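See structure below.
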Amino acid sequence: MSLFTTTSSINANLARKLIEAGEEKLHEMGIASNIAIVDTQGFLITFLRMDGAQLPSIEHAINKGYTSALFGAATASLSKDAVPGGSLYGLNITLNQRVIVFAGGEPLLHDGLLVGAVGVSGGTAEQDQQVAGHVVQAFKDLVC
């Protein structure tokens with residue numbers, strides 16, 4: 001039995017490729033957004049702020065990635081339980097208010113293990129989710 005844990009995170013080269021995939025999708029959709037790729041602990045690996053992207057969405061994109069990495073879940077999946085009366089009510093004001101409970105954050109899983117996450121912000125919740133899903137698919141295409 002080992003006394004130590006190990007984690008593997010995607011590297012900067014792969015993170016840049018995922019940013020490119022997200023940017024291509026955003027161009028196709030005709031919107032400007034922010035995209036963050038984070039490691040397994042939610043720390044930023046690489047980031048894109050497209051020309052014209054909303055400035056408040058910079059932190060939202062990074063925090064969506066952070067949330068998704070920490071919880072190993074899509075940010076949208078946390079929303080139903082984070083409403084008043086829900087089992088996770090107040091979750092969004094924890095961890096220095098960095099937890100995001102609306103669409104646009106997705107974990108990146110390889111062989112069932114978390115290796116990073118993506119956060120997208122700047123469009124509607126549906127648009128952010130669509131781009132994040134596209135980045136997840138690009139990740140699968142590149143590593144599987």
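Residues: numbered from 1 along the sequence shown. The model shown is predicted, which means the values in this text are computed figures rather than measured ones.
- Residues Asn63 and Arg98 have side chains that bring a donor and an acceptor to within less than 3.5 angstrom of each other.
- Here Glu106 contributes atom CD and Asp128 contributes atom CG; the two are 11.5 Å apart, rounded to the nearest 0.5 Å.
- Side chains of Asp81 and Tyr89 form no contact here, defined as non-hydrogen atoms less than 4.5 Å apart.
- Side-chain contact between Val99 and Val101 is present, with at least one heavy-atom pair separated by less than 4.5 Å.
- The structure places CG of Leu26 at 7.5 Å from CD of Glu23, a figure rounded to the nearest 0.5 Å.
- The pair Glu28-Lys25 counts as a salt bridge, with a side-chain nitrogen and a carboxylate oxygen less than 4.0 angstrom apart.
- Screening Ile35, Ile19, Asn34, Val38 for a side chain to side chain contact (heavy atoms under 4.5 Å, CB included) involving Phe47 leaves a single residue, Asn34.
- Nearest heavy atom pair, residue Val135 against residue Ile37, reads CG1-CD1, 4.2 Å.
- With rounding to the nearest 0.5 angstrom, the OG1 atom of Thr7 is 9.0 Å from the CG atom of Leu114.
- In this structure, the separation between OG on Ser9 and CG on Leu108 is 10.0 Å, given to the nearest 0.5 Å.
- Of all non-hydrogen atoms in Ser33 and Gly123, the two that sit nearest each other are OG-N, 3.5 Å.
- For the residue pair Ala36 and Ala61, the shortest heavy atom distance occurs at CB-O, 3.7 Å.
- Between Met50 and His27, some side-chain heavy-atom pair lies under the 4.5 Å cut-off.
- In the hydrophobic clustering of ILVMFWY residues, with side-chain heavy atoms under 4.5 Å counting as a link, Leu113 and Val143 come out apart.
- Looking at every heavy atom in both residues, Ala32 comes nearest to Gly52 through CB-C, 3.9 Å.
- Between Leu78 and Leu91 the shortest side-chain heavy-atom distance falls below 4.5 Å.
- Although no hydrogens or angles enter the test, the distance criterion places no donor-acceptor pair under 3.5 Å between the side chain of Ser57 and the main chain of His60.
- Closest approach of Ala103 to Ala76, counting heavy atoms only: CA-CB, 3.8 Å.
- When side chains are defined from C-beta on, Leu14 counts as touching Leu142, because their heavy atoms get closer than 4.5 Å.
- Phe71 is not connected to Ile100 by any chain of hydrophobic side-chain contacts under 4.5 Å among Ile, Leu, Val, Met, Phe, Trp and Tyr, and they are in different clusters.
- Judged by distance alone, the side chain of Glu20 and the main-chain N or O of Lys17 form no donor-acceptor pair under 3.5 Å.
- Looking at Ser68, its side chain never comes within 3.5 Å of a backbone N or O of Gly65 through a donor-acceptor pair.
- Hydrophobic clustering, with ILVMFWY side chains joined whenever heavy atoms are under 4.5 angstrom apart, groups Ile31 together with Leu48.
- Annotation: side chain of Phe139 is in contact with side chain of Ile10 (closest heavy-atom distance under 4.5 Å).
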Run the side chain to side chain contact (heavy atoms under 4.5 Å, CB included) check on Leu55 and Arg49 step by step: do they pass? CA-CA 9 Å; Leu55 296 180; Arg49 183 183 106 198; 3.8 Å; yes
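- Follow the hydrophobic side-chain contacts under 4.5 Å out from Val131 and you reach Ile45 in the same cluster.
- In the displayed structure, Asn13 atom CG is contacted under 6.0 Å by more than 12 heavy atoms of other residues, nucleotides or ligands.
- In this structure, CG on Asp39 lies 12.5 Å from OG1 on Thr46, to the nearest 0.5 angstrom.
- Put simply, the side chain of Lys64 does not reach to within 4.5 Å of the side chain of Thr67, judged on heavy atoms.
- Contact check for Tyr66 versus Leu44: no side-chain heavy atoms found under the 4.5 Å cut-off.
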